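This report concerns only the one structure given below.
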Amino acid sequence: MPLITLEPAKGMAESPEQIFEITAAREQRLSRMLVSYIAAGLAFMLLPGTFLGVWNLISISSHRAAGTVSAGWIQAHGHAQIFGWIGSFILGIGYYSIPKLRRMRPFALWAPWTSWALWTVGVALRWVTGVYEWQWRFMLPLSAALEMAAFLIFFIAVSGHHNQQKGDASLEEWIFVVIAGCVGWLATLVINLLSACYLAWQGVSPVLPHGFDQRFLVLQTWGFLVPLVWGFSAKWLPIFLGLREPRAEWLLRAVAANSLGVLSALCGWMVLSTVLLLAGILAAAFAIRVFERGERPAKVKGVHRSFPGFVRLAYVWGAISAVLAIWASLSSTTAAGVWGASRHALTVGFLALMVFAVGERVLPAFSGMRVLFSTRLMFAALLLLACGCFLRVGSEILAYQGYAQSAWSWLPVSAITEMTAVTLFAANLILTFTSGRARATLAYRNAA
């Protein structure tokens, strides 16, 4: 990771030692900032996210009916997972890595801390409003406005600085993919704000209507999160997995197909949407060369050696999610179980598995060049998450669609399995941040 040096003030000639001290001090502040984002994300992942989701699933299983849990609780759980957990991770990683990867000039550190405060309060308010409906006509639009403000500060900070390398104004393809994800993120936040204002004005509760919520979820996942994962995959996986350089044209085609699929879903054309989404993720896997033999050995030092296999498994789950969505969209009868299984295959099988695998690869290094506390905990979390996702996807189809009544009893098993995986993942990162096993000083000395 290249180090960004600060320019000396006008009229002052700073020695290399002084520049090194300034750079090292800023790097430490950036690492503390990233740890704060990760801590907030882990808190949302564990408490309002996973634990509430497990409670919901146990209640559904005991009643053997999907409609026994409040829609407000389910939407609050989903918001905490997408925005509170993964959104917080993306904000922190984006603030830390994007300016370095693009060799930008350093930005003022008030920006990430302000974003952190606004985003954390906004997501927390949204969860409290969804669960308790406390002062929801005021709190719901306020939470959406805070999230929007946090994103706008982030977007301006990571895009408003000129490249330090003069004459190099071109953008790499992975940047265009990340930009597409940010456009989807902005669209998600705009619709979230408008829908919150509408509910506060004319709604009877803070719950989004079912049909609108289903389309909105496509934008949140496929339009926002998936392109961001593809973008960072195109940048990092060739290094981590020893792959050849991505096929740039196919990567852009994947984004185009995915974007058309999201727009089709928003228009209600679900069959066309699901076919385009499947084409997009297959094209992305082909572009990034996820399933091809690497030209170099994978870099697994500091992580479990199964890391490449779980990354590839995540892309398999992404394709399965799109196939299940096609099945659901073509079904002439109610396919709530298939739709739910498709969403879970995407959010847990693809997105969460990628976060678990790549997150434990990059976050320790970004957070002060730390060493991952335990590779065995990493493997256990990945394996349990994959097993829990398999149980959940299978049991949701079998139980909800009425194919096997015994599958209702598998649902809480899948929930507890995934909760254990999430807890191990969080514990591994927390112990990594608190154990003091850091390599920052050595890295700075070598860089100097």
Side-chain angles (χ1 to χ4, degrees), residues 34-60 69-70 72-93 116-117 119-132 143 147 220-221 225 310 343-344 346-360 362-364 366-367 370 372-374 376-389 391-392 411-435:
L34 176 58
V35 170
S36 297
Y37 274 96
I38 301 308
L42 292 176
F44 283 118
M45 176 188 71
L46 288 171
L47 302 174
T50 301
F51 291 162
L52 180 61
V54 170
W55 180 268
N56 290 342
L57 205 58
I58 291 175
S59 177
I60 290 172
V69 175
S70 165
W73 280 39
I74 294 175
Q75 291 178 14
H77 156 73
H79 197 90
Q81 291 287 62
I82 292 175
F83 290 85
W85 172 26
I86 302 181
S88 296
F89 274 33
I90 290 174
L91 279 173
I93 293 172
W116 178 85
W119 187 262
T120 303
V121 172
V123 175
L125 283 178
R126 175 66 180 83
W127 180 80
V128 170
T129 300
V131 173
Y132 298 104
S143 68
E147 292 171 355
Q220 294 177 55
T221 52
L225 296 177
F310 282 106
R343 285 193 299 272
H344 202 79
L346 182 67
T347 55
V348 175
F350 178 63
L351 295 171
L353 202 61
M354 283 295 292
V355 171
F356 275 36
V358 178
E360 290 183 295
V362 301
L363 291 176
F366 287 174
S367 305
R370 288 178 167 86
L372 184 66
F373 178 79
S374 172
R376 291 182 179 180
L377 280 179
M378 176 183 180
F379 174 72
L382 288 166
L383 181 61
L384 287 172
L385 189 72
C387 292
C389 184
L391 284 173
R392 172 67 182 274
L411 286 172
V413 176
S414 71
I416 294 172
T417 302
E418 290 180 354
M419 182 179 68
T420 304
V422 166
T423 304
L424 292 178
F425 170 74
N428 206 12
L429 285 183
I430 292 170
L431 290 171
T432 298
F433 297 149
T434 59
S435 65

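Everything numeric in this text was worked out from a predicted model, so none of it was measured.
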| Who passes side chain to side chain contact (heavy atoms under 4.5 Å, CB included) against Thr120, sequence neighbours left out? | Ala40, Phe44, Trp116

| query | What class does the angle between the rings of His79 and Phe83 fall in, given that below 30° is parallel, 30 to 60° is tilted and above 60° is perpendicular? | reply | parallel

| Where is the tightest heavy-atom contact between Trp85 and Ala352, given as atom of each residue plus distance? | CH2-CB, 3.7 Å

| For the atom pair CD1 (Ile82) and CG (Leu351), what is the distance rounded to the nearest 0.5 Å? | 8.0 Å

| task | Show your reasoning for whether side chain to side chain contact (heavy atoms under 4.5 Å, CB included) applies to Ile90 and Leu225. | result | CA-CA 9 Å; Ile90 290 174; Leu225 296 177; 3.7 Å; yes

| said: I'd like to check the salt bridge (Lys or Arg N to Asp or Glu O under 4.0 Å) partners of Arg126; sequence neighbours left out, ordered by chain and number. | reply: none

| message | In the structure I gave you, are the side-chain heavy atoms of Leu363 and Ile93 within less than 4.5 Å of one another anywhere? | response | yes

| field | Shortest non-hydrogen separation from Ser143 to Gly122 and the atoms involved | value | CB-O, 3.2 Å

| request: Mind checking the CD1-CD spacing from Ile86 to Gln81? Nearest 0.5 Å is all I need. | output: 7.5 Å

| note | dist Thr432:OG1 -> Leu372:CG (nearest 0.5 Å) comes out at 4.5 Å

| request: Using side chain to side chain contact (heavy atoms under 4.5 Å, CB included) as the criterion, list what pairs up with Val131, not counting sequence neighbours. | output: Leu52, Trp73, Ala76, Trp127

| Heavy-atom closest contact (Phe366 atom, Leu34 atom, distance) | CB-CD2, 3.2 Å

| task | Run the numbers on Leu353 and Val348 for side chain to side chain contact (heavy atoms under 4.5 Å, CB included), then give the verdict. | result | CA-CA 6 Å; Leu353 202 61; Val348 175; over 6 Å; no

| note | All heavy atoms of Gly87 vs all of Trp119, minimum pair found to be C-NE1, 4.0 Å

Side-chain donor-acceptor contacts of residues 376-388 below 3.5 Å, not counting sequence neighbours, with atom names and distances?
none

| task | List the atom of Pro364, the atom of Gly359, and the distance in Å for their closest heavy-atom pair. | result | CD-O, 3.7 Å

| said: Give me each pair satisfying side-chain hydrogen bond (donor to acceptor under 3.5 Å, both in side chains) with a member in residues 418-431, each pair once, sequence neighbours excluded. | reply: His344-Glu418, Glu360-Asn428

| request: Apply side chain to side chain contact (heavy atoms under 4.5 Å, CB included) to Ile430 and Phe373, showing your working. | output: CA-CA 9 Å; Ile430 292 170; Phe373 178 79; over 6 Å; no

| request: Please name all residues satisfying ring-ring contact (aromatic ring centres under 6.0 Å, His included) with Phe310, sequence neighbours left out, ordered by chain then number. | output: none

| said: Is any side-chain heavy atom of Glu147 closer than 4.5 Å to one of Val123? | reply: yes

| message | Under the rule for side chain to side chain contact (heavy atoms under 4.5 Å, CB included), what residues qualify as partners of Ala426, not counting sequence neighbours? | response | Leu42, Met45, Leu46

| What's the shortest heavy-atom distance between Val422 and Phe356, and which atoms? | CA-CZ, 3.9 Å

